[in-house]
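Reviewing the structure listed below.
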Amino acid sequence: MATDSTKLSMAQALNQALRDAMTEDETVYVFGEDVGPLGGVFRITDGLTAEFGEDRCFDTPLAESGIVGMAVGMAMNGMRPVVEMQFDAFAYPAFEQIASHVAKTRNRTRGRVALPMVIRVPYAGGIGGVEHHCDSSEAYYAHTPGLTVVTPSTPADAYFLLREAIRSDDPVVFMEPKKLYWGKDEVDTSAPEPPIGRAVVRRPGTDATLIAYGPSVSTALEAAEIAQQEGRSLQVVDVRSLVPFDDATVCEAVRSTGRAVVVAEASGYASVASEIVARVTERCFHSLAAPVRRVTGFDIPFPPPKLERFQLPSVDRILDAVDDLQWEDQ
Amino acid sequence: MATDSTKLSMAQALNQALRDAMTEDETVYVFGEDVGPLGGVFRITDGLTAEFGEDRCFDTPLAESGIVGMAVGMAMNGMRPVVEMQFDAFAYPAFEQIASHVAKTRNRTRGRVALPMVIRVPYAGGIGGVEHHCDSSEAYYAHTPGLTVVTPSTPADAYFLLREAIRSDDPVVFMEPKKLYWGKDEVDTSAPEPPIGRAVVRRPGTDATLIAYGPSVSTALEAAEIAQQEGRSLQVVDVRSLVPFDDATVCEAVRSTGRAVVVAEASGYASVASEIVARVTERCFHSLAAPVRRVTGFDIPFPPPKLERFQLPSVDRILDAVDDLQWEDQ
Amino acid sequence: MADDRDLLPSEQPVQLLDETGSPVAGAALPFPDSERLLAAYTSLVIGRRVNDQASALVRQGRLAVYPSSHGQEACQTGAAMALAEGDWLFPTYRDTAAVVARGVDPVEVLTLLKGDWHAGYDPYAHRVAPQATPLATQLLHAVGVAHAARLRGEDTVVMALCGDGATSEGDFHEALNFAAVFKAPVVFFVQNNEYAISVPLARQTAAPSLAHKGVGYGMKGERVDGNDTPAVLAVLDRAMAAARAGEGPQLVEAHTYRMQPHTNADDASRYRSQEEVDPWEARDPLLRMETYLKRKRVLTKARIAQITEKAEAVAAAMREGIAKDTDPEPAELFAHVYSTPTPQLDEQAAFLADELSREGTN
Amino acid sequence: MADDRDLLPSEQPVQLLDETGSPVAGAALPFPDSERLLAAYTSLVIGRRVNDQASALVRQGRLAVYPSSHGQEACQTGAAMALAEGDWLFPTYRDTAAVVARGVDPVEVLTLLKGDWHAGYDPYAHRVAPQATPLATQLLHAVGVAHAARLRGEDTVVMALCGDGATSEGDFHEALNFAAVFKAPVVFFVQNNEYAISVPLARQTAAPSLAHKGVGYGMKGERVDGNDTPAVLAVLDRAMAAARAGEGPQLVEAHTYRMQPHTNADDASRYRSQEEVDPWEARDPLLRMETYLKRKRVLTKARIAQITEKAEAVAAAMREGIAKDTDPEPAELFAHVYSTPTPQLDEQAAFLADELSREGTN
Ligand SMILES: Cc1ncc(C[n+]2csc(CCOP(=O)(O)OP(=O)(O)O)c2C)c(N)n1
Ligand SMILES: Cc1ncc(C[n+]2csc(CCOP(=O)(O)OP(=O)(O)O)c2C)c(N)n1
Ligand SMILES: [Mg+2]
Ligand SMILES: [Mg+2]
């Protein structure tokens, strides 16, 4: 296990997490499409087959329901499978297995059958991908009781969230923001923190709170930086764990500023962003000087590359929403 | 076509709608599992094979992705397929076809390929069904841009919504609240109204607004009736069309009362109910005397029959939520 | 590829005992010995009793619904008896008799249909997965369990059950293919009872038989008379042995018939005639075994009385168990969703507890 | 069932022209006539040029990505040439050359990879479905289109393409089964190029061949040398004729090879050696046809020059078309989601328009 703090990209941090988990626990198995010799189309599983052998990290036939369904069986039988869905939209063929089995097996069996498994889903846009490669599909999973759903926004969180996800006795849908794969940052793998279920304040601020997760956190931080120059102090909360949700941290942040904007890339309708607005409003109503605003993707299929920038929450759009938080009167 | 007003159950109204649509338009085809000679496990397609022949209403091999995928092809090629998913959770195998094709084909092809098709999904609980037979799955569809999602709460709406859904040039996910199949009510099939995209005020009221849809509307109405006796006047809005959403009607209702409770049977997290709370709050914030409350299913897999009543929004729970709307001060 | 013809199933289903209860001459497989057949007969009788008792409990309103395998008990018995202790069974909703034959308490099995909870038994106790409702999905779990066992070097074999209708699902395909590619020790045992609710086999496939589906996975398909207990036993024994020996997954199709409606809620007269059903009465697996065992004088009147008594005791225990008030606590709703309830679930549990306490005081 | 052996594919892939470009003696199917072969050769050359031009455009940064069928042009040509005017083609992302051979403007086809929009051509203009990315999903659409045509009494046949990897998906199974049960006039044409990105065929199936997958649907499978243009034509012609004649769906597996990486973004050296690739150079479909046609003196130097010129013209038009500024308007984002935008989308479109107008004035 690496113990030093090193600069790693999120892809490298995820690879390190898999490597460390496989070293520590021989019941951890990694499989999916192209995760073997190729190391995955994003190289997250790079070198694992070479290091741990073909049994521990292997390619499957091309069938996502098969991958998840087989993982269910292996998890029933003492393993901790970590499977990769190649892209967000290519996890949909596995939806029945995820909704009807992965999510429900513990409950169906009165707690007798646990499914300690992780489904890794590279998701969201920002990389100029063609259709079916850029969906923000987190709401489908977050709405499904029984699933833990997390999404990192930094290499360090990627490492620790994945380690904890693999250690969890519950199934975890692990959403990886593709556009953050290559950005490097400090990761001290020897300084663990338990991030599942815990939001984190990424930047303090006093005037309004930006609530973001995954691919939108960096945009929110940028917006906060610019707002600072314009004399407005924005707090940024990284939700990190969509299920369970950290009401305490998020609500404390919102109450401290009285104004909030939720930022998420997914289409807004019936989304995780809707949920955050709803629960923050329910819990912090009398602290709110303005309705909580959303900056989300439009309710359209993910656009072609040349138009994708209009779908992604932008710094300007976030700042516009902040401007809209009824600063004058009320 | 029936022109008189008659008492019909929702099941009969749906059957009549299919019958009338097939009579009127020979490109309407009905297929799915057990929809032929059996007439569907809920008898919604009763008699259609006998009346229109085996080509127009037929059983398929047992495969939901196949059913929806074949419907996509038929819709591409001049037909208006109406397919039945036998139960809510058994539509999940078709999720990829629905999310990646049904929802996206018009957009993918720049408007060149329309998919005039209807996917009928009997959903929700209240009938003592065993596991996998009672999911409230509307959020999965409502969150997916490109789908129209509707759900009737009366036999008349069932008739007109289904007629309009079949006539629509867009794919419609038609959610049928199973527990309402057998309740009878007046249906005047000669008095059409265009219900897609239109919410309706089911009961006027001045103190607070209950916003419900599908299986929860009758419970909301019951609650309003009891509240009336207790001296509180509750307005009940039936959303009816989840996508598109009738912001005008819903917001007007909420503004007129200043207080609101959203009632829905689905698990609350990242649900249609979250969306309604979020958008009503965004749009009506300064008319609200209290945060919009939700009465939804818990965030658990649908319970076994003996416990299902605890999951369903009950009259008491609705009235408790209304009591909670901060009537004293603010 | 010179031997791809070997993948084709036999032209006729394997039969060891014909419809009159007489051994078939020149049968392809050895006849199971009398001891095994007597055990099988006992299991058939109990299975039948379990089926009919459960149906009666439905009529009495004590169970919500019951998908009976009445008439398919040879398959049910065979599926259970073919297993060694360390093996796994993956049953469907229709396989209660097999689950019971494997050793699970019928009352626990019926928890689901009584409405108390979903899966009512401990899957690890007898290595029996929860009965699967979403069709064909369990076949993939079976592959996973088998693959995990193989990776650990265990000699576990997994028996995965499904119906004719379920073979049309994508998961059927993916399961057989994964099993074949990974040489997972799974026996896929398809009970072709000619109907998927109302849909007849001809609407399910255009293949000469369901066993032919093995060919596309490089898996030999085998057909067996599903109402012929010795044949089912012999064919499954051979398949289990092959899977255990590392020959990879096996596909067995049993030709049988769903004698009763899909469940009590179904009206079979809408889609099939009594004339179609009638001839199958004569092919009843119990009858056939009884005739044979009586003729062989293995089955005496005293033995029959013993077995009947045993079956009646099982039925009585079912009635008693089902009559017991086993209502689950509402708090259990939140107990098993995660290993530890989320803060959200704790909140919701508290909400419900409060509601119930107020209900109590009203 | 006496004839289930007839469902098995031939032991060797059908070959009409061997690797040296010589006609195979005693071939199972008639050799296409020279005129057809000349047309096919022209199409091969254009297909190759389209492939290589598109790859070059990727290297120049003008296309995001291109999954090339370089080396598979015999299949691409065959798939298009086998169609009558009223027939439909259901291609994948790798079948650009087939789509072009069917008559679609390559620039329109490349709209997707240029990033302007998703499907860039009108599917009804040439009866070519949008190129499918989610694997095997399009096979079901093909069945639906064919079934609708059959219901209307049209004699349309649908050619549905997929790769070896896609055969593992549940939708492949459901599509073949639906087609067989409904006798839908579909030819399923699998281009087995031995890889699904990095995953070799052996990890995809344990069957003797992919054509064997037909057996489980009661569908005869046929194998063809996918680099042998005359054989591909002959086999597809026969399959199309059978489907058109009401004999139900057909399955054809072409044995070919993906000569290049999955796309330019792929690094094939991670999973296969150059030694594996090299022998396939000699099996190049263009080379083989050229040798044959030259020997037959159908292909003269002048003809070759003509054809090359034609192909160069296509390539030039591609370069020109791709160079054109065809940036889509942001407002189009909301135009095609529904037949009429919802009030919500109107609101969102107005929001974006406002944002853009403010951007403009900043
Ligand atoms: C994925 C899925 N789709 C639909 C159903 C509804 N359903 C339950 S049983 C059944 C028929 C199954 O037929 P078969 O596989 O032949 O098994 P049998 O009931 O005859 O034992 C259907 C359609 C289901 N349980 N799961
Ligand atoms: C449902 C789905 N899963 C995964 C992918 C990602 N993916 C794209 S191409 C490909 C390999 C396909 O291989 P094959 O079917 O042999 O076609 P080829 O690329 O060789 O033409 C994969 C895994 C996808 N497009 N769709
Ligand atoms: Mg059956
Ligand atoms: Mg391939």
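Order of the sequence lines sets the chain letters (A, B, ...), proteins ahead of strands, with each chain counted from 1. What you see below is based on every heavy atom in this structure, not just the backbone, and it leaves out hydrogens, waters and symmetry mates.
- Within the 4.5 angstrom heavy-atom criterion, no atom of C/Glu169 approaches chain A.
- Counting heavy atoms from C-beta on, the side chains of C/Leu151 and A/Arg56 never come closer than 4.5 Å.
- Side-chain contact between C/Pro123 and A/Arg112 is present, with heavy atoms from C-beta onward closer than 4.5 Å.
- Within a 6.0 Å sphere centred on CD of A/Glu26, other residues, nucleotides and ligands contribute 12 heavy atoms or fewer.
- Summarising the geometry of A/Arg108 relative to C/Ala132, their closest heavy-atom pair is NH2-CA, 4.4 Å, with the distance given to 0.1 Å.
- With a 4.5 angstrom heavy-atom cutoff, A/Val243 touches chain C only via side-chain atoms.
- At a 4.5 Å heavy-atom cutoff, C/Thr156 makes no contact with chain A through either its backbone or its side chain.
- Remark: the backbone N or O of C/Ala148 is not paired with any side-chain donor or acceptor of A/Asn77 at under 3.5 angstrom.
- Looking at A/Leu62, there are no atoms closer than 4.5 Å to chain C (heavy atoms on both sides), in backbone or side chain.
- Ionic pairing of C/Glu108 and A/Arg110 is not present here: no N-O contact between side-chain nitrogen and carboxylate oxygen is shorter than 4.0 angstrom.
- A 6.0 Å sphere centred on CD of C/Glu332 holds more than 12 heavy atoms belonging to other residues, nucleotides or ligands.
- Contact tally against chain A (heavy-atom pairs below 4.5 Å) for C/His173, C/Gln138, C/Glu347, C/Arg152: the top residue is C/Arg152.
- C/Asp122 touches chain A through backbone and side chain together, each having a heavy atom under 4.5 Å away.
- Put simply, OG1 on C/Thr342 and CG on A/Asp247 are 9.5 Å apart, with the number rounded to the nearest 0.5 Å.
- For a residue to count as touching a neighbouring chain, one of its non-hydrogen atoms must lie under 4.5 Å from one of that chain's; by this rule C/Leu112 does not touch chain A.
- Taking OG1 of C/Thr340 as the start and CG of A/Asp170 as the end, the distance is 7.0 Å to the nearest 0.5 Å.
- Not less than 6.0 angstrom separates the ring centroid of C/His147 from the ring centroid of A/Tyr29.
- The parts of A/Ala63 that come within reach of chain C are both its backbone and its side chain, each placing non-hydrogen atoms under 4.5 angstrom from that chain.
- C/Tyr338 places a side-chain N or O within 3.5 Å of a backbone atom of A/Gly146 that can act as its donor or acceptor partner.
- With a 4.5 Å cut-off on non-hydrogen atoms, C/Tyr121 touches chain A through its backbone but not through its side chain.
- For residues 94-106 of chain A, heavy-atom neighbours of chain C at less than 4.5 Å comprise A/Glu96, A/Gln97, A/Ser100, A/His101, A/Arg106, sorted by residue number.
- The 12-atom threshold is not exceeded at CD of A/Glu54, counting heavy atoms of other residues, nucleotides or ligands nearer than 6.0 Å.
- Neither the backbone nor the side chain of A/Thr27 comes within contact range of chain C, judged by heavy atoms closer than 4.5 Å.
- Contact check for C/Trp117 versus A/Asn107: side-chain heavy atoms found under the 4.5 Å cut-off.
- Nearest heavy-atom pair across C/Ala129 and A/Met76 is CB-CE, 4.3 Å.
- The two residues C/Asp171 and A/Ser65 come nearest to each other via the heavy atoms OD1-OG, 2.6 Å.
- Contacts of residues 176-188 of chain C with chain A at a heavy-atom distance below 4.5 Å involve C/Asn177, C/Phe178, C/Val181, C/Phe182, listed in sequence order.
- Counting heavy-atom neighbours within 6.0 Å of A/Arg198 CZ, excluding the residue itself, gives a total of 12 or less.
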